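Structure first, commentary second.
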Amino acid sequence: MGLLRYTIYRLIQTIPVLIGISIITFLLANLGPGDPVRLMLQGVEHDEEMIRTIEQRYGLDRPLHERYITYMAGVVQGDLGHSIHRNRSVSDLVLHRAGPTLFLVLSAYAFALATAIPLGIIAAKRRNEPTDHVSRIVALIGVSTPSFWIGIMLILIFAVTLGVLPSSGLVYPWRPPDSYGYSNHLELWYHSLRYLLLPMIALGTLQMATLMRVERTQMIESLQGEYVKLARAYGVPERTILRKHAFQVAQLPIITIVGLNLSTAIGGAVLIEMVFNINGMGRLFIEAIAQNDYQVVMGLTMVLGTLFVIGVVITDIAYAYIDPRVTYGEEE
Amino acid sequence: MARKQFDITRRNLLASGAAVSAAAIAGCIGGENGETDDGADDADPGGNGDSAVFHFTQEQSRAEDFDPVIANDAYSAQVYGLVFDGLYEWGEGLELEPKVATGEPDVEDDGRRFMFEIHEGIEFHNGDELTASDVAHSFLAPVEEETENAASYDMIESAEPIDDYQLEVNLEEPYGPFELQTMAVTISPEEARTDDRDAFNTDPIGSGPYTFEDFSENEYVELERWDDYWDDEMEEPNIESVTFVAHDDDAGRISDIRAGETDAIAGIPNDDWDVLEGEDNVEVHRAESPSYMYLAFNCNEGGTTDPDVRRAIAHSFDMESFVNEHAEHTADPMTNPIPPTVNEVWGFPEDEYGEMLPEYDPEEAEALLDESDAVDDDWEPIIITPEGIRASLAERIATRLGEIGYGAEVNVLDFGQLVETYNTGDADDYEMYLLGWTGGPDPDFYLYSLFHESQAGVNQGHFYEGSDGFHDAIAEGRTTADQDERYEIYEPVIEEIVEELPALAAFTQHNTMASGDHVEGLEVHPNVQTNPNLISYHTNVSLQ
């Protein structure tokens, strides 16, 4: 099987997975406790007739299977339903919120990779030296500390006490500078970075710590490999060994972790968006759950589930592409 | 091929990593000395760079409905309240003052007909004149379009303009709260609104002191001062531009005001009150609100159907000390279902009710429970509650009941589950529940919605049967507009509630705000929708 056929095969495999996600999500959202209409009318004088009218308006009076079929018919056409609480198309809501979340998550990954890989290499190269000990302690703290707590601490230090960075919100670099009152793109990017810095670090720390531990372990393993010893015996400079022979092989597990940790990162983004008041999908998720806005919960779960499945598929494909030892499913 | 690709990726990765690191350092260095975003306009997530721009952080996200006909969340109302005018508006307290109306209405036909006269020459922001037909539309549209606000206007039989500046409104029956609440209708331009309702909802056109300028869903709303505002009796607003953002996270909001990211925040948690009060550059504010938190008893099934059991629960713990411990700065204990700020207008004998309420007396509580046939010796009722201070109160009751040989099972439910459960009347679901209600300035909002039999299983789950005439009196109270007459009708009803305890009044929560010390003239209004109260006949907030 060639790479293209393998890719298509993996993509086709995602279809039953996504259908499974949709059924489970739909059942959980609809059979779970909580009545969205009563919740919407809480605090307003109402009667049973008004409840029935609203249920009828949103099709909530129809049998579950009918609602599922109608819902899925919409989903395949890109219509994720209509938010009861917000009176908006869920697709529009999700699209509107996807940018900030992706911006945050990708930045956090960039931060994690940019810091974890060099630190992991240094720790491996100086194994059991003070530098290694420090990096391992930092990684341990990073892995064991909840991201929202890191976020709150960063706000207290850098925003409240030192007053050098903003405590909430984001400036989006894709918007025109004048929408924020900035005169040029340089100013926009500068402010965008200032607003991004704290949430990015708060969200990226866990990824950074995880990646650094794996990078260190893999690099140590690589540096002890027979091929490295052979290279050394041939007199290949240590720098070249590190860069070309050890480093390259050590990156395969990193790719896996980056792909599979996507869901962890998005989960972390939910909390970070609440702490830093970022209007992304995570915050929308929390609000929708609190409001029993089940169409939004379902829409977001479908989108996030799809993103996760795509992440896994891309990881698989990238793995197969990079590592010649990975087979495409032919006879073994 | 694969190796080449990998090399390129790695280099790019390291290069981008270096760029991020360098930029991060630049960002850290660049923001020193508490620099704010001078030059940034209101869309900036940050705050106080401009003395004419007021940046306000709301305590909960808006539903983003800015059409007054369909909007029913307080946080959207805080925004559109500055964009629209009401026929009448709230003054410094919960009393209505004429705004678009020239004065009090002429009331005819035993309180069934109201004749309104409105000011001439009022213009909406699109240049159209505000006429009596717009007022009629504003009264009728919620019912005609079956919006969630329909119940507030469904007593209106007809609203017909007599000419451009006079309107006749007929009610099916006299309706007590009409003059205290319904007349506060917000006036929308009929033509612009019905032309494209969806567009109007996100880009509303009013006749108020601010225009709706810019909006990014769930991020910010920006309003601009309307320099051609019609009302010459009111000063020109000092604030040129207002930006609303919402920050649901308590800790985040507190950080925002402490870091100077915003000019004012709403909703100060009790535990943060002292912290903010101790800040040099922050001022805290509060006002009583018409809110009523209560502990309701299941009078339909279970042990709490016995009034002595309900009294025993009330004897078993000390509400006042609980409120002082958990909400010293943000709430006050209550004695009856009418919030103190509403009672300022009505004058019900609160002190007498206080004396009638069972005081903290665990021995009496134990004796009453021991004597009651409705409960066993090992009775452990279920209390359902939302999280937060009400869950703490439920835990306190359970602890105190435990101390006298009984107990309670506290089920903290998410709000969605709670509203589905608290009105089943099933003792297996609950024997007590804790909830709250924020109404208007009329006792009807608390008595009818929370105690009338028609609301059993809908808005109330105590199913209290009451004495002969209890429910009739509540219904009768809304059919007359005469306040003295209504006082006489309501007073025995309230007394019965305090005596028989279908619900024990717990506390009233305050509206709270914190502002930077550069904000002058900011006062919290009891009506949460009226906050931030930037401009009125009584106030004109400014930034120094």
Side-chain angles (χ1 to χ4, degrees), chain A residues 33-36 38-48 50 53 85-88 96 110-111 113-115 117-118 152 155-156 159-160 163-171 179-183 190-191 193-195 197 247-248 251 274-277 279 284 287 290-292 321-322 324, chain B residues 2 5-6 10 13-14 16-18 20-21 23-24 26-28 30-34 37 39-41 43-46 61 63-65 70 72 146 148-152 217-219 245 247-249 251-252 255-256 258-261 414-417 419-421 437-438 448-449 454 458-459:
Chain A
D35 180 339
R38 283 183 188 274
L39 189 63
M40 185 164 68
L41 292 172
Q42 182 61 24
V44 182
E45 193 182 313
H46 63 277
D47 51 26
E48 287 294 338
M50 190 183 245
T53 307
H85 187 81
R86 292 161 191 274
N87 195 24
R88 305 268 193 291
H96 187 76
F111 164 74
L113 287 167
T115 47
I117 291 175
I152 291 170
I155 289 172
L156 279 177
V160 175
V164 293
L165 287 171
S167 63
S168 65
L170 273 186
V171 169
S179 69
Y180 292 104
Y182 303 139
S183 50
Y190 166 71
H191 283 286
L193 184 63
R194 287 190 68 232
Y195 277 90
L197 216 49
F247 175 77
Q248 200 160 308
Q251 301 320 300
M274 288 304 285
V275 170
F276 285 93
N277 206 27
N279 295 286
L284 180 65
E287 288 167 3
Q291 293 152 351
N292 245 7
Y321 185 56
I322 291 163
Chain B
Q5 289 282 330
F6 190 69
R10 185 197 65 199
L13 199 66
L14 291 173
S16 62
V20 167
S21 305
C28 279
E32 63 187 4
N33 301 326
D37 304 306
D41 75 1
D44 193 315
S61 299
E64 307 290 34
D65 286 322
I70 65 167
N72 80 335
E146 294 183 336
E148 289 148 37
N149 300 322
S152 303
E217 189 159 315
N218 283 114
E219 283 185 52
V245 296
H247 200 156
D248 301 55
D249 185 57
S255 299
D256 284 347
R258 290 179 69 192
E261 284 287 309
D414 77 64
F415 213 72
Q417 198 177 353
V419 297
E420 199 179 45
T421 311
W437 186 268
T438 302
Y448 191 88
S449 303
S454 67
V458 184
N459 271 326

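Just so it is clear, the model here is predicted, and its values are computed rather than measured. In what follows, chains are A, B, ... by sequence order, proteins preceding strands, each numbered from 1.
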*Heavy-atom distance under 4.5 Å between the side chains of B:H247 and A:M274, does that happen here?*
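No; the side chains remain at least 4.5 Å from each other.
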For the [atom1] atom of [X] and the [atom2] atom of [Y], what is their distance to the nearest 0.5 Å?
X      : Y      : atom1 : atom2 : answer
A:E287 : B:D248 : CD    : CG    : 5.0 Å
B:R258 : A:I155 : CZ    : CD1   : 11.5 Å
B:S61  : A:L284 : OG    : CG    : 9.5 Å

*asked:* Less than 4.0 angstrom from a charged side-chain N to a carboxylate O is my criterion; do B:E217 and A:R88 meet it?
replied: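 Answer for the salt bridge query: yes.
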*Determine the minimum heavy-atom distance between B:D256 and A:S167, stating which atoms define it.*
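Heavy atoms of B:D256 and A:S167 come nearest at OD1-OG, 2.5 Å.
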_Tell me which of these, B:A150, B:S255, B:A251, has more heavy-atom pairs under 4.5 Å with chain A than the rest._
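When all of B:A150, B:S255, B:A251 are compared, B:S255 has the most.
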